[in-house]
Amino acid sequence: MTPVRYCALSMILLTLSGCGGSDDFSDLDAYLNEVRLRPAGRIEPTPTFHSYPTFTYSAANLRSPFSRQVRVDLAGQRHGSRNVKPDPSRVKQYLEGFNIEQFEMVGTIANASGSFALLRGAGGVHRLKVGDYLGRNDGRIVAISATQVDVVEIVPDGEGAWLERPRTIPLKEHS
């Protein structure tokens with residue numbers, strides 16, 4: 001018999017010898033009798049569930065904390081006019097659904113019908129002429145040059161009147 005077989009056989013015999021023995025379960029019986037004689041404990045009821053009040057995020061309409069903060073100079077603040085106001089009956093153009101800050105001028109083109117500005121934004125490049133509207137504040141294009149597009153927006157002045165605010169969209173070099 002080889003030494004490996006001898007070693008394996010002796011291990012099996014030692015293991016089996018530990019499994020046999022007496023049928024004495026007196027210690028287990030004593031423990032079970034002790035557990036049975038203990039007074040039955042009262043099971044506590046499950047805790048009641050208290051719901052927390054719901055939270056509604058209400059800062060979605062506020063200014064983004066990542067955009068530049070606008071400084072307000074109250075002494076030099078211009079007051080609006082009751083004569084200037086947006087036309088609520090005017091049909092909105094497609095580009096009025098986007099912020100004017102996302103547009104950049106990439107060029108101009110001209111033909112027999114006039115000159116046009118090419119503005120990139122809102123998912124593409126758009127051809128606009130003087131009088132077209134863009135931006136959320138009723139921005140109307142008032143002038144187009146080779147280097148910039150001039151826009152006038154109508155914004156509330158905070159006192160119930162409206163204010164015309166000029167904006168410029170410069171030509172983006174190397175676009």
Side-chain angles (χ1 to χ4, degrees), residues 35-36 38-175:
V35 170
R36 286 186 195 117
R38 288 184 193 163
R42 186 172 158 243
I43 298 175
E44 295 193 20
T46 58
T48 57
F49 176 73
H50 299 287
S51 64
Y52 290 99
T54 59
F55 175 77
T56 304
Y57 184 72
S58 61
N61 296 336
L62 299 178
R63 178 186 65 84
S64 170
F66 303 107
S67 63
R68 275 188 277 131
Q69 188 171 2
V70 178
R71 286 195 166 170
V72 177
D73 181 18
L74 295 177
Q77 183 179 12
R78 296 178 11 203
H79 294 286
S81 169
R82 301 253 181 229
N83 297 333
V84 176
K85 61 182 177 180
D87 183 9
S89 63
R90 182 179 59 81
V91 176
K92 299 278 186 181
Q93 294 180 359
Y94 173 71
L95 296 179
E96 289 184 87
F98 303 96
N99 286 329
I100 198 167
E101 289 87 12
Q102 81 177 53
F103 292 101
E104 57 187 21
M105 181 179 179
V106 293
T108 58
I109 58 172
N111 59 17
S113 61
S115 68
F116 299 91
L118 298 175
L119 297 180
R120 182 185 308 147
V125 176
H126 305 277
R127 184 182 74 168
L128 299 165
K129 65 183 182 313
V130 172
D132 284 345
Y133 288 86
L134 94 140
R136 294 193 171 150
N137 292 322
D138 291 295
R140 183 175 39 86
I141 297 176
V142 292
I144 297 173
S145 69
T147 59
Q148 68 186 28
V149 175
D150 295 324
V151 179
V152 174
E153 293 182 310
I154 300 175
V155 294
D157 69 347
E159 298 176 356
W162 297 90
L163 181 67
E164 287 187 337
R165 177 175 62 186
R167 302 281 302 251
T168 300
I169 303 173
L171 177 66
K172 179 177 168 86
E173 299 288 330
H174 307 294
S175 54

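- Rounded to the nearest 0.5 angstrom, K85 NZ and E164 CD are separated by 13.5 Å.
- In this pair, Y94 and H126 present their aromatic rings tilted. The plane angle is within the 30 to 60° band.
- N137 places no side-chain N or O within 3.5 Å of a backbone atom of G139 that could act as its donor or acceptor partner.
- Put simply, the side chain of I169 reaches to within 4.5 Å of the side chain of I100, judged on heavy atoms.
- The CD1 atom of I141 sits 8.5 Å away from the CG atom of L95 when rounded to the nearest 0.5 Å.
- Closest heavy-atom contact between V155 and R165: CG1-NH2, 3.4 Å.
- For the side-chain contact (heavy atoms from CB on, under 4.5 Å) test, residues two or more places apart in sequence or in another chain that qualify with P86 are D138, I154, W162.
- The only member of V106, V149, T108, L128 that meets side-chain contact (heavy atoms from CB on, under 4.5 Å) when paired with L118 is V106.
- Rounded to the nearest 0.5 angstrom, Q148 CD and L171 CG are separated by 10.0 Å.
- The OG1 atom of T168 sits 11.0 Å away from atom CE of M105, with the distance rounded to the nearest 0.5 Å.
- Partners of Y52 according to the ring-ring contact (aromatic ring centres under 6.0 Å, His included) rule, which considers only residues two or more places apart in sequence or in another chain, do not exist here.
- In terms of heavy atoms, L119 sits closest to F103 at CB-CD2, 4.4 Å.
- A donor-acceptor pair is defined here as one N or O able to donate and one able to accept, closer than 3.5 Å; such a pair exists between the side chain of Q93 and the backbone of Y133.
- Annotation: side chain of R136 is not in contact with side chain of K92 (no heavy-atom distance under 4.5 Å).
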